[in-house]
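Scroll down for the structure; my scribbles are underneath it.
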Amino acid sequence: FSKAGKALFLSQPTISLHISNLEKELNTPLFDRTSKEVNLTPAGTEFLKYALDLINMKNKAIHNIVSSQKKITGSIKISTSTTPSLVLLPKAIEIFQSMHPEVKFIVEEKSSTVILEDVCSLTSDLGIVGMQVDNERFIIEKLFEDDIVFVCSMDTPLNGIVDISDIASYKFVSRSDLSATRIELERLMAERGIEIRLIEHVVESDNMNLALQLVSRGIGISYMSKSIYECFKGILGIKSFQIRGLNVTRQINLLTNMR
């Protein structure tokens with residue numbers, strides 16, 4: 001009993017008193033004290049099994065309760081523009097899933113203006129946009145900067161840096177008029193005194209796969225995230241070029257509702 005007392009930081013008389021009270025409650029001896037050694041009686045051996053079960057159950061209960069408080073479950077709905085969905089979310093979801101495997105993601109690709117509406121109305125938990133946002137209704141976290149490049153097919157005679165007059169005869173495969181990329185590009189063109197109405201749009205679509213295929217077939221020239229271009233330039237027959245005076249860099253932002 002003295003060894004037990006040391007392990008439990010209790011005195012040997014206190015241990016003896018606890019055991020004596022337990023034996024009185026059970027109305028049976030748990031230890032054989034007739035020899036120099038103290039051994040369990042058959043009733044004590046049986047009781048030990050239940051005692052160990054109780055200790056294990058207590059430890060398991062504590063572990064499960066603590067784990068449940070740390071565990072993240074449920075679903076996260078994300079509204080995102082094209083660039084983040086292709087260059088950011090795959091790796092981000094992979095990392096998050098490795099830490100929280102019970103979380104499900106619902107991802108919808110939309111134009112930036114619609115994403116703002118989704119986050120504002122709490123239709124989406126998170127929004128990722130490629131435009132400057134200055135609104136007190138959102139918590140805004142800057143993720144990374146993204147350059148816009150102009151692209152054309154390999155056969156199109158546009159290389160390096162060209163003048164705006166050099167593209168006058170080409171049709172554009174453009175994003176929709178709700179696209180932050182298009183809005184930012186047209187804003188910069190207006191600042192440079194370039195007539196936006198002179199640009200002829202042969203196709204307007206926010207489907208990046210369609211745009212890439214059309215450009216590679218020479219249907220028109222286009223503009224897109226440099227990050228996306230770097231991903232696809234080796235797969236499709238496309239190349240990039242610059243228009244003098246039109247250097248567009250935008251901020252990719254993560255939005256959550258202030259509420």
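Worth knowing before you read on, the calculation uses all heavy atoms, side chains too, and leaves out hydrogens, waters and symmetry mates. Heads up: numbering here begins at 1 and tracks the sequence.
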**OP:** Examine distances only and state if a side-chain atom of Ser20 and a backbone atom of Ser16 form a donor-acceptor pair shorter than 3.5 Å.
**Re:** no
**OP:** Kindly indicate, with the supporting measurements, whether the criterion side chain to side chain donor-acceptor pair (under 3.5 Å) is fulfilled by Ser124 and Glu108.
**Re:** CA-CA 9 Å; Ser124 292; Glu108 295 183 348; 5.5 Å; no
**OP:** Measure across Ser222 and Val215 and return the closest heavy-atom pair with its distance rounded to 0.1 Å.
**Re:** CB-CG2, 3.6 Å
Original post:
Can you tell me if Ser205 and Arg175 form a side-chain donor-acceptor pair at under 3.5 Å?
Top reply: no
Original post:
Do Cys152 and Phe241 come close enough that some side-chain heavy atom pair is under 4.5 Å?
Top reply: yes
Original post:
How about Asp177 and Arg182: do any of their side-chain heavy atoms sit closer than 4.5 Å?
Top reply: yes
Subject >> Spacing of CG belonging to Leu158 relative to CG belonging to Asp166, to within rounding of 0.5 Å >> reply: 7.0 Å
Original post:
Just by distance, with hydrogens left out, do Thr28 and Glu23 show a side-chain donor and acceptor under 3.5 Å apart?
Top reply: no
Subject >> Donor on one side chain, acceptor on other, Thr83 and Ser81, under 3.5 Å >> reply: no
Original post:
Do side-chain atoms of Asn207 reach the backbone of Asn209 as a donor and acceptor pair under 3.5 angstrom?
Top reply: yes
Original post:
Under a single-linkage definition using a 4.5 Å side-chain heavy-atom cutoff for Ile, Leu, Val, Met, Phe, Trp and Tyr, are Val133 and Leu122 assigned to the same hydrophobic cluster?
Top reply: no
Subject >> Euclidean distance, Ile128 CD1 relative to Glu141 CD, rounded to 0.5 Å >> reply: 10.5 Å
Subject >> Single-linkage hydrophobic cluster, 4.5 Å side-chain cutoff, Leu143 and Ile228 together >> reply: yes
Subject >> Spatial distance of atom OG1 (Thr181) from atom CZ (Arg250) [nearest 0.5 Å] >> reply: 3.5 Å
Original post:
Are Leu255 and Leu126 close enough that some pair of their side-chain heavy atoms sits under 4.5 Å apart?
Top reply: no
**OP:** Please report the shortest heavy-atom distance between Asn135 and Arg137, naming the atom on each side.
**Re:** OD1-N, 2.9 Å
Original post:
Are side-chain N/O atoms of Asp118 and Ser79 paired as donor and acceptor at under 3.5 Å?
Top reply: yes
Original post:
What's the spacing between Glu109 CD and Thr80 OG1 if we round to 0.5 Å?
Top reply: 7.0 Å
Original post:
Considering only heavy atoms from C-beta outward, does the side chain of Met131 approach that of Leu116 to under 4.5 Å?
Top reply: yes
Original post:
Out of curiosity, Ser169 OG to Glu200 CD, how far, rounded to the nearest 0.5 Å?
Top reply: 10.5 Å
Subject >> Set of side chain to side chain donor-acceptor pair (under 3.5 Å) partners for Ser227, sequence neighbours left out >> reply: Asp146
**OP:** Taking the side chain as every heavy atom from C-beta outward, state whether Ile167 and Ile243 have any atom pair closer than 4.5 Å.
**Re:** yes
Subject >> Nearest heavy-atom neighbours spanning Leu86 and Pro90 >> reply: O-CG, 3.8 Å
Original post:
Checking side-chain contact (heavy atoms from CB on, under 4.5 Å) for the pair Leu89/Ile78: CA distance, chi angles, key distance, verdict?
Top reply: CA-CA 10 Å; Leu89 281 182; Ile78 303 174; 4.2 Å; yes
**OP:** Assign the ring pair Phe172 / Tyr223 to parallel, tilted or perpendicular, where the plane angle (0 to 90°) is split at 30° and 60°.
**Re:** tilted
**OP:** Could you verify whether a donor N or O on one side chain and an acceptor N or O on the other, from Thr156 and Ser153, lie under 3.5 Å apart?
**Re:** yes
Subject >> Derivation of the side-chain contact (heavy atoms from CB on, under 4.5 Å) call for Gln97 and Phe105 >> reply: CA-CA 9 Å; Gln97 269 280 297; Phe105 289 86; 4.1 Å; yes
Original post:
Below 4.0 angstrom, N of the basic side chain to O of the carboxylate: do Glu191 and Arg187 qualify?
Top reply: yes
**OP:** Identify the heavy atoms of Arg192 and Gly245 that sit nearest to each other, and give their distance.
**Re:** NE-O, 2.9 Å
Subject >> hydrophobic_cluster_shared for Val162 and Tyr170, side chain cutoff 4.5 Å >> reply: yes
Subject >> ILVMFWY network linking Ile252 to Ile95, side-chain heavy atoms under 4.5 angstrom >> reply: no
Original post:
Looking at Ser240 and Tyr229, what are the two nearest heavy atoms and their distance?
Top reply: N-OH, 3.2 Å
**OP:** Would you sort out whether Thr249 and Glu145 count as a side chain to side chain donor-acceptor pair (under 3.5 Å), showing the intermediate values?
**Re:** CA-CA 7 Å; Thr249 299; Glu145 287 190 343; 5.7 Å; no
Original post:
Any side-chain heavy-atom pair from His18 and Leu22 closer than 4.5 angstrom?
Top reply: no
Original post:
Can you check side-chain contact (heavy atoms from CB on, under 4.5 Å) on Thr123 and Lys77, steps first, answer last?
Top reply: CA-CA 8 Å; Thr123 302; Lys77 188 170 184 180; 4.0 Å; yes
**OP:** Check whether more than 12 heavy atoms from other residues, nucleotides or ligands sit under 6.0 Å from atom CE of Met99, and answer yes or no.
**Re:** yes
**OP:** Give the minimum heavy-atom separation between Leu236 and Gln213, together with the two atoms involved.
**Re:** CD2-NE2, 3.8 Å
Subject >> Distance (rounded to the nearest 0.5 Å) between Met208 CE and Leu212 CG >> reply: 6.0 Å
Original post:
If you count the non-hydrogen atoms of other residues, nucleotides and ligands that lie under 6.0 Å from CG in Asp53, is the total more than 12?
Top reply: yes
**OP:** Give a yes or no on whether Met224 and Phe144 share a hydrophobic cluster (residues Ile, Leu, Val, Met, Phe, Trp, Tyr; joining criterion: side-chain heavy atoms under 4.5 Å apart).
**Re:** yes
Original post:
Between Ser111 and Asp206, does any side-chain donor sit less than 3.5 Å from a side-chain acceptor?
Top reply: no
**OP:** For residues Val129 and Phe138, determine if any side-chain heavy atom of one lies less than 4.5 Å from a side-chain heavy atom of the other.
**Re:** no
Original post:
Ile238 versus Met154: any side-chain heavy-atom pair under 4.5 Å?
Top reply: no
Original post:
After noting the C-alpha distance and the side-chain angles of Ile183 and Thr113, does the key distance pass the side-chain contact (heavy atoms from CB on, under 4.5 Å) rule?
Top reply: CA-CA 10 Å; Ile183 292 171; Thr113 50; 4.3 Å; yes
